[in-house]
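Comments concern the structure below.
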Amino acid sequence: MKTILNNKNILTSVKNSALVVLGTLVLAFGAAVFIIPFDLVTGGITGLAIILDEIIKAEFITIDLIITVITWLTFLLGAVILGKDFALKTLISTITYPFAISLFLQLASPDALGGYLDLAGSSYGELALILGSVVGGGLVGIGCALAFLGGGSTGGVDIIAFVICKFFPRLKSSKVIFVIDALIVTLGIFIINDLIISLLGVLSATVAAIMIDKVFLGGKRALVAKIVSEKYDEINRLVIEKMDRTTTIIDVTGGYSLQNKKMLMVSFTMREYTTIMNIVNETDKYAFVTIHRAHEINGEGWTR
């Protein structure tokens, strides 16, 4: 039994590591081929590197070198302040990302592959720029989401945010990451000095955020309904029969009436929204229903 569990743990670790590597490669491809050639500042390490490359303007200091330095500096910062466990989560991306960026930047040059990946030198001009911002943002989002699904982190700005939150526990890491990215994008507006490019950078960042949400949730929007009804037993039966879902029955007390009531809690997907609302409306039109979105649901009937 122990051997089976060990083998399962090994397979899970291999699968997670593969997802982190694949995600990092997709992220690097999107950044190197679609984002960096057009100087699209979308936040993160790549956006910061584009800004620094524009400021320094030295031939011997390339953008992939800047990305490598920032990546390893933030990794070391995280390892020292956040500890070994966090460092292990970002190690794979820290090793893979700079290497992949350098490789894909070379492939995106005019001299490689007959200029096939050289979008910046494309004869389509402005169309190539717009496609670069949208497709690049999409690939960056997909790459990040795959890395998250593998239990890893893409590092960079995330590490800086987590370090700040360690010293200021009241701050939320998500908000700190947003502020840092917003500052990078804002700085890019002044450094790049091109409003159109800057706005396309914001568009690219927005597409990335949407793709992270879509891929990370697996294309399913999990919802939770809380239903207070006198006919809870009938609603419960129909949910089980028609939706093949189970419910949780909770004893509640009305705040105004002070009467004891029953509340059903049901987890379901966006596709099942119409079904559950039809069940409630047909059974008890006076039922009180609250529906909110769940970020993740684990257990029988749901994937872990």
Side-chain angles (χ1 to χ4, degrees), residues 20-57 61-75 77-78 90 92-109 117-120 129 131-148 152-161 177-192 194 197-212:
V20 174
V21 171
L22 177 61
T24 305
L25 290 174
V26 173
L27 168 63
F29 182 81
V33 177
F34 298 96
I35 303 295
I36 294 174
F38 295 111
D39 289 335
L40 296 172
V41 179
T42 58
I45 282 183
T46 303
L48 185 58
I50 291 172
I51 291 172
L52 291 175
D53 184 58
E54 184 69 20
I55 293 173
I56 297 171
K57 290 185 177 179
I61 298 180
T62 58
I63 195 162
D64 52 334
L65 175 61
I66 296 173
I67 289 174
T68 301
V69 171
I70 297 175
T71 300
W72 280 102
L73 283 177
T74 53
F75 171 78
L77 179 67
T90 60
I92 296 176
S93 288
T94 301
I95 295 172
T96 307
Y97 188 63
F99 169 77
I101 279 285
S102 297
L103 173 63
F104 292 136
L105 279 175
Q106 291 179 16
L107 293 178
S109 67
L117 296 177
D118 180 25
L119 264 69
L129 173 59
L131 286 174
S133 66
V134 175
V135 176
L139 290 174
V140 167
I142 292 171
C144 288
L146 290 174
F148 297 157
S153 168
T154 53
V157 166
D158 294 1
I159 296 177
I160 297 172
I177 291 171
F178 175 79
V179 169
I180 294 174
D181 279 333
L183 288 173
I184 292 173
V185 171
T186 303
L187 184 61
I189 293 174
F190 295 100
I191 300 299
I192 302 301
D194 189 319
I197 294 293
S198 299
L199 291 176
L200 286 173
V202 174
L203 171 64
S204 187
T206 303
V207 173
I210 293 171
M211 292 308 298
I212 288 174

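This one's a predicted model, so the numbers in the text were calculated from it and none came from an experiment.
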Taking the side chain as C-beta and beyond, is there a heavy-atom pair between I197 and L129 under 4.5 Å?
yes

Flag side-chain contact, heavy atom, 4.5 Å: F178 against L183:
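Result no, sub-4.5 Å side-chain heavy-atom pair not found.
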
So, for G132 and F34, which heavy atoms are closest and what is the spacing to 0.1 Å?
O-CB, 3.3 Å

Please report the shortest heavy-atom distance between L203 and S133, naming the atom on each side.
CD2-OG, 3.9 Å

Got a sec, which pairs hit side chain to side chain donor-acceptor pair (under 3.5 Å) with one end in residues 198-211, sequence neighbours left out?
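Not a single pair qualifies under side chain to side chain donor-acceptor pair (under 3.5 Å).
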
Inter-residue atom distance [X].[atom1] - [Y].[atom2], 0.5 Å rounding:
X: F99; Y: I67; atom1: CZ; atom2: CD1; result: 14.5 Å
X: L73; Y: T68; atom1: CG; atom2: OG1; result: 10.5 Å
X: I159; Y: L77; atom1: CD1; atom2: CG; result: 7.5 Å
X: T96; Y: I101; atom1: OG1; atom2: CD1; result: 12.0 Å
X: L27; Y: I142; atom1: CG; atom2: CD1; result: 11.0 Å
X: I212; Y: L146; atom1: CD1; atom2: CG; result: 10.5 Å

For I180, enumerate each residue passing the side chain to side chain contact (heavy atoms under 4.5 Å, CB included) test, keeping only those at least two apart in sequence or located in another chain.
V157, I160, A161, I164, V176, I184

Mind checking side-chain hydrogen bond (donor to acceptor under 3.5 Å, both in side chains) for [X] and listing every partner two or more places apart, or none if nothing turns up?
X: D158; answer: none
X: S93; answer: T24
X: S102; answer: D64

In residues 35-52, what donor-acceptor pairs under 3.5 Å come from side-chain atoms, sequence neighbours left out?
residue	atom	partner	partner atom	Å
T46	OG1	Y97	OH	2.7

Walk me through whether F29 and V140 qualify under side-chain contact (heavy atoms from CB on, under 4.5 Å).
CA-CA 8 Å; F29 182 81; V140 167; over 6 Å; no

